[in-house]
Amino acid sequence: MCAAACLTLAFVYLLVWANDRGARSSLLFALVALGAAAFAFCEMWVLRAQTPEEFVLAVRWAHVPLWLWTVSMAGFVFTYLRAGRAWLLWSVVGLRTTVLVLNFVTGENLNFLEVTSFQRVPFLGEPVAMASGVANPAMLLGQFSVLLLLILVVDAGITAWRRGERRQAVMVSGSVAALLTASAVESNLIVWAGLQLPFTLSLFQLVMLAAMGFELSRDVLRSSMLVRELQASEARLRDSQQRMNLAADAADLGLWVWEPGSDEVWATPRCCAMLGLPGRAHFSLADFTNRVHPDDRARVTQSLRSTLEQGQAYEVQYRVRLPSGAERWIQATGRVDEAGPGSARRLQGVCADITERRHAEQEALRLRRELAHAGRVSMMGQLASALAHEINQPLGAILRNAEAAELFLQSDSPDLDEIRAIVADIRHDDQRAGAVIDRMRALLTRQDLQTRPLALGELFSDVRLLVRADAAARHIRLELAELPADLPPVQGDRVHLQQVLINLIINALDAVSGSAGSDRWVSVQARQRDARFVEIVVSDSGAGIPADRLVQVFDPFFTTKPGGMGMGLAISRTLVEAHGGQLRADNRPGGGAVFTFSLPIATALAVA
Ligand code: ADP
């Protein structure tokens, strides 16, 4: 019965080990059970021995399964509890093997040097063999090996207990230690004290195996529960992935993950389609960069690198070239994801096809450019009559000077110094007219926003040239204040800023012309607002803007002038904002309007 029970246990755990070769403790447990099964057979043989010779032979062979049992038990406790001392383990193995050898080479067997009496006595209703004789001293070594095993088991049990694995410690170490002690007591009583009892070691072994088997089966139970939990959590993961994919699809987003360690990019089908890599769930970074437009490639790889190195958020817009030759704009955002300490870094994020948005943006930019240009043309129309005067004046002077020079030349001895002075005047007047025409031409050409560091003095003198005639014609004092010497240059586009400033000045001139006051002026000042911005202020002595219209004046087509278009301030605000600044309207405490706009300081922008 013992043998059958042990064999069943051995078979079960051999099967467990066969399916999971990593489970070394299952293999060792199966060997312990095999040893116990074989020992039970030998023990039966001993009990049934008919002669003293058969008795000593059976005892001798019983030591072979006992060796297997001891050695694999030591290994099992050591592996299963992940505790114990390796030197103890190897001592048990070495000593028990020596004992096995001594069993075959000394006396009748390990237990008897010589059997002096043999009898068959009734035990539990059956005659069983029993013998006594001269004990083999080598048996002490065998008992010492059992003692070492006991120490190993107790020591490993204490370690496991301290680690908090109390149940395992009690079930494995406790049961092994208790039963080892009990069986040792029994065999010592029989051999040394001559107790009239047969050996029943296998009964002890069966109890021990049952206790350990119970503990191991809890592990099997736990792993089957873990499998179920794993299946449930996998199902939840699949669910959440499906929900995420649904959300990403609804938002028209693609998802991607890049693992730099394995250089593998995983992407959803939508993301692959956006990048022109359809039907590929995995691809390398090189596959991806090959798709990126050559002009954008360096920017994309640089951005990826700095995200990985500095952990910044990854955000980049780039073009991809599809196999069909078409071009698409993609916006990708992502961040570094560290799954745990020491694990590989990876980058994951989303990408969106923004081709249509980019086209719309470009279209809006084009329209804004056209509008700004139209605004400039209309502004120049308003200035035209005053500018005609600005040009006519030097032209008239040139004509008069040329006539005077002709008169001088008609005399026999022309005064050459006088003629030289006249020619110098002609050149000066010509340059004056030329400068006005140049500025007008610059304003009338169509031009993209091109910012560069720009000294405000330059801007003010251009503007003065174009508006002073208009101001003079309306008898309005135009004060373009001296600029502070330490005023830093701004980052701006010369033509566009001229447009803003002229527009504000013309509006101010209009407002002053329409008001009845005697002190008629328009003033332009510039000052540094803070470390990053310069402010330009255009104020006038007009009637100001009713408080409820301070915001409205910037609306397109808002005008209070009979022939007005209402686009000037709307365009000016767009232009200032395109520079990174702001334009606002206020009223002066003493009456009159104040328009203030800010522009970024060139160096501050460069640093930012
Ligand atoms: P327009 O000059 O064609 O009317 P703007 O957009 O330049 O278009 O100006 C819109 C309106 O803002 C003007 O009609 C005027 O009512 C008001 N406005 C602009 N500048 C001033 C100012 N300096 N003083 C008073 N009102 C002003």
Side-chain angles (χ1 to χ4, degrees), residues 367-387 443-444 459-460 463-464 466-481 495-527 535-579 581-599:
L367 288 175
R368 199 175 71 193
R369 226 167 33 219
E370 304 250 305
L371 193 64
H373 180 246
R376 283 203 298 280
V377 173
S378 107
M379 198 174 74
M380 292 311 291
Q382 292 176 51
L383 286 178
S385 63
L387 282 173
L443 272 174
L444 288 174
L459 184 70
F460 275 29
V463 169
R464 181 184 290 118
L466 292 172
V467 293
R468 69 174 173 202
D470 193 14
R474 303 200 219 190
H475 306 291
I476 297 171
R477 203 166 72 246
L478 177 63
E479 294 167 359
L480 278 125
V495 167
H496 288 190
L497 291 181
Q498 278 179 36
Q499 178 173 1
V500 174
L501 201 51
I502 294 174
N503 197 30
L504 295 180
I505 294 174
I506 293 178
N507 273 349
L509 292 174
D510 287 347
V512 176
S513 311
S515 74
S518 55
D519 188 16
R520 294 149 64 87
W521 55 264
V522 170
S523 137
V524 183
Q525 284 165 328
R527 58 174 179 242
E535 241 173 23
I536 298 173
V537 185
V538 180
S539 45
D540 61 60
S541 63
I545 305 168
D548 58 331
R549 288 198 189 146
L550 279 173
V551 176
Q552 216 182 353
V553 287
F554 293 102
D555 290 348
F557 306 114
F558 175 82
T559 180
T560 54
K561 300 173 194 167
M565 245 206 328
M567 288 305 293
L569 287 178
I571 295 172
S572 298
R573 177 172 264 188
T574 318
L575 292 178
V576 170
E577 284 173 359
H579 279 79
Q582 285 176 333
L583 168 63
R584 63 170 201 275
D586 296 295
N587 280 313
R588 269 191 323 116
V594 188
F595 282 83
T596 312
F597 66 99
S598 55
L599 292 171

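Sequence positions, counted from 1, serve as the residue numbers for this chain. Remember, it's a predicted structure, so these values are computed and weren't measured experimentally. All ligand and atom numbering here is 1-based and tracks the order in the structure.
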Taking only residues at least two apart or on different chains, which pairs with a member in residues 542-552 satisfy side-chain hydrogen bond (donor to acceptor under 3.5 Å, both in side chains)?
-> none

Nearest heavy-atom pair of Val594 and Asn587: which atoms, and what distance?
-> CG2-C, 4.2 Å

Taking Gln499 for the side chain and Gly375 for the main chain, is one N or O donor matched with an acceptor at less than 3.5 Å?
-> no

Taking only residues at least two apart or on different chains, which pairs with a member in residues 535-544 satisfy side-chain hydrogen bond (donor to acceptor under 3.5 Å, both in side chains)?
-> Arg527-Glu535

Would you check if the side chain of Arg573 reaches a backbone N or O of Leu583 as a donor-acceptor pair within less than 3.5 Å?
-> yes

Near ligand 1, which residues have a heavy atom under 4.0 Å away from one of its atoms?
-> Asn507, Ala508, Ala511, Asp540, Gly544, Ile545, Val553, Phe558, Thr559, Thr560, Lys561, Gly564, Met565, Gly566, Met567, Gly568, Leu569, Ala593, Phe595

Which donor-acceptor pairs under 3.5 Å do the side chains of residues 502-510 make with protein atoms, sequence neighbours left out?
{"residue": "Asn503", "atom": "ND2", "partner": "Gly568", "partner atom": "O", "Å": "2.7"}
{"residue": "Asn503", "atom": "ND2", "partner": "Ser572", "partner atom": "OG", "Å": "2.9"}
{"residue": "Asn507", "atom": "OD1", "partner": "Lys561", "partner atom": "NZ", "Å": "2.7"}
{"residue": "Asp510", "atom": "OD1", "partner": "Arg474", "partner atom": "NH1", "Å": "2.8"}
{"residue": "Asp510", "atom": "OD1", "partner": "Arg474", "partner atom": "NH2", "Å": "3.0"}
{"residue": "Asp510", "atom": "OD2", "partner": "Lys561", "partner atom": "NZ", "Å": "2.9"}

